[in-house]
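These figures come from a predicted structure and were not determined experimentally.
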Amino acid sequence: MSDSKQLAAAPIRAAIAELDPSQTLSVDEVAALLAAPPKPELGDFAFPCFLLARALKQAPPAIAAKLAEQLAADPNTGFAAVSALGPYINLKLDPAARTARVVSAALDPAWGALPDGSGKTIGIDYSSPNIAKPFGIGHLRSTAIGQALANLHRTLGYRVVAINHLGDWGTQFGKLMAAFERWGNEEALLDDPIQHLYDLYVRFHEEAKANPALDDEGRGWFRRLEQGDPAAHAYWERFRALSLREFHRIYERLGVSFDHEWGEAYYNNMLAALVDDVKASGITEESEGALVVKLDDLGLPPCLIIKSDGATLYSTRDLAAARYRYEQLGFEKFLYVVGHAQAVHFKQVFAVLDRMGYPWADRCIHVPFGMILGISTRKGTLVFLEDILNRGKELVREIMADREGFTDAEREQVSEQVSIGAIVFYDLSRGRIKDYPFEWDAILRGLRPGEHGPTGPYLQYTHVRLRALEEKFAEKFGALPEALSGEATEALHTADCAHLVALLERYPATLRQAASELEPAVISRFLLELAEGFNTFYSSGTRVLSDDEAATRARIALVVAVRRTLAHGLTLLGVPCPARM
RNA sequence: GCACUCGUAGCUCAGUUGGAUAGAGCGCCGGACUUCGAAUCCGUAGGUCGCAGGUUCAAUUCCUGCCGGGUGUACCA
């Protein structure tokens, strides 16, 4: 809820009460009803009168007319204009007061930080790549969404604990060991470990189609690993270390970091106790040689706790992990940023936690996302994320080739930032539940000359323009403004500027909405609107910097407010903000 | 079969939780660089909101049933 809505709602509430003393609408409820008129010329807010029709036994347009008349007659409402149009009352706020309040708030160092989550802890499980497989484009989704949600909640005041739930345990490890035993090559492993392990993994799956005995071999190796076999353990440790080295290189490029890298194996020594406790809670049964919790009444397949061969599963480790995390963190919420293909799995796990009697079971939330179509680790059609980052970087270098005034180091840094911005923003610009096909052109959109669109580079470019204005202002007038008074806003009383002010005012509510929907794209779309609003203003013919110092100071205050908001939002999304590009 | 999910302009997507004439971007076409960065901006065209019912003053939005795509559906993760 923006401040302006609250301010506007109070007099409306009073006018309604005057018309109908029995009316019980609160100021907050009135504020919630306020909407934006379809055209900005109509006003800043619109109040629909439908809800009052029944109580007053009058037609909405008649009510609107009466309320508008009352509001217009009262000099203390703070509205610059009130008019009824059909069933709506359209309200215009006093632009000077609003502009000064919003811009000054945006210039405050605390802009973007909110107290909502103060004292609360939120855990987030994201990225979570499988060891011994390359970090593919598919992992970008969980990584980018998870990091954005972590950043978002931190700025909302939460204590965020980011956990990388590495897939460092499980049957696929047995398969890898079996494959390495058969076809592994020491030299190849040292030369390019991930590539070699990936090749082995693909080959294993190909050959296993014709030779099912291979799968048994893989399961055998995994069993040896679980039983502490030294040879199996040595493989495990080695594969894991080699993989982590690669992952960390990518995380560093993406600006991603974790508080804990508690992989699946981390919970191994907690499994026995977990299995005992599940049994003790009396909800398990034997079925086809396995230990399961039946969930028929929820329309879910049984949750397997122990396989018929005695080994544990993903679910077992997730149950142990959930419990351990709660003990360690005492979280308010715990988010699992995992593809929607695993929706059933999480329903099962959360249901079992619930049946075990844990009251915090419903604080565990699966945050699903759509998949990237057309890639498969097993089929070997995987696209390495690092290849995409590098290719993007090359494209940016080409664009920058004919630009002067950049050192080699700057070119290196900027091409990295813009490339990452394009790729990360591409992923975060649509609703997370949407599937999308892997297409080089689409992913690298905005990185070729002449390409326009709602992209990361578009936002970065807008930011760069704003930065350039700030620098030019500083050269001429000195320090940038830190606030804006109501008397000084006149130069901003244009449609373009009012639009920007209204957008800025929405930023805190946008952050809250993104958090409540667990949807980074809410921020992405807001930033696109903001950048578009600024670019329209910038190209409109009105110069920010002029000989009129008062107007220049007002406009630069707005520029700084927009730039800071843009930078803040982009940082939340994990999109870098270069100063030049 | 069942469950989840998506279906809005040629394409990619919004739609403020039920409100005014359903909006953007891309692409097409046409414009704007001798003043702050053209990786930008402005304009034109483009719609039975998958289909059919229902709820009510009002449905793209809520309910039911279909149609179509995607993903799952016990010893992979």
Could [X] and [Y] be called an ion pair, given the rule that one side-chain N must be under 4.0 Å from one carboxylate O?
X: A:R525; Y: A:E529; value: no
X: A:E394; Y: A:R397; value: yes
X: A:K92; Y: A:D44; value: no
X: A:D309; Y: A:R219; value: no

Quick one: label [X] by what it contacts on the DNA or RNA (base, sugar-phosphate, nothing), any heavy atom closer than 4.0 Å.
X: A:T552; answer: nothing
X: A:N90; answer: base
X: A:R219; answer: sugar-phosphate
X: A:T536; answer: sugar-phosphate
X: A:G431; answer: sugar-phosphate
X: A:R525; answer: sugar-phosphate
X: A:E517; answer: base

Could you tell me how far [M] sits from [N] if I compare only their [atom1] atoms? Round to whole Å.
N: B:rA22; M: B:rA9; atom1: P; result: 15 Å
N: B:rG7; M: B:rU61; atom1: C1'; result: 14 Å
N: B:rC29; M: B:rU73; atom1: P; result: 47 Å
N: B:rG54; M: B:rA59; atom1: P; result: 12 Å
N: B:rC6; M: B:rC41; atom1: P; result: 31 Å
N: B:rC11; M: B:rU48; atom1: P; result: 12 Å
N: B:rA77; M: B:rG72; atom1: C1'; result: 13 Å
N: B:rA45; M: B:rG23; atom1: P; result: 14 Å

*asked:* Just checking A:F135 against A:F247, ring centres under 6.0 Å apart?
replied: yes
_Pairs meeting criterion salt bridge (Lys or Arg N to Asp or Glu O under 4.0 Å) with involvement of residues 286-301 of chain A, two or more places apart_ = A:E285-A:K294, A:D297-A:R355
*Near RNA chain B, under 4.0 Å by heavy atom, which residues of residues 466-478 of chain A?*
A:A468, A:L469, A:K472
Whole-Å distance between [N] [atom2] and [X] [atom1]?
X: A:L33; N: B:rA58; atom1: CG; atom2: P; answer: 19 Å
X: A:H205; N: B:rA77; atom1: NE2; atom2: C1'; answer: 11 Å
X: A:Y538; N: B:rC41; atom1: OH; atom2: P; answer: 12 Å
X: A:R432; N: B:rC6; atom1: CZ; atom2: P; answer: 10 Å
X: A:R465; N: B:rC33; atom1: CZ; atom2: C1'; answer: 11 Å

*NZ of A:K476: more than 12 outside heavy atoms within 6.0 angstrom?*
yes
*Could you run through nucleotides 21-32 of chain B and give me one letter per nucleotide, 5' to 3': B if any protein heavy atom sits under 4.0 Å from the base, S if only the sugar-phosphate is that close, - if neither?*
---SSS------
_Strictly under 4.0 angstrom, non-hydrogen atoms only: write out the protein contact profile of nucleotides 67-74 of chain B, one letter per nucleotide from the 5' end, B, S or -._
---BSS-B
*Checking only heavy atoms, does the side chain of A:N535 share a donor-acceptor pair with the base of B:rA38 at less than 3.5 Å?*
no
*asked:* Syn or anti for B:rC33, given that syn means the glycosidic angle lies within 90° of 0?
replied: syn
_For A:S142, all residues meeting side-chain hydrogen bond (donor to acceptor under 3.5 Å, both in side chains), sequence neighbours excluded_ = none
*Angle class for the A:F173/A:W236 ring planes (parallel below 30°, perpendicular above 60°, tilted otherwise)?*
tilted
_Whichever of A:R430 and A:P60 has its nearest RNA chain B nucleotide further upstream toward 5'_ = A:R430
*Stems involving RNA chain B, each a run of at least 3 consecutive Watson-Crick or G-U pairs under 3.5 Å*: B:1-7 with B:67-73, B:10-13 with B:23-26, B:29-32 with B:40-43, B:50-54 with B:62-66
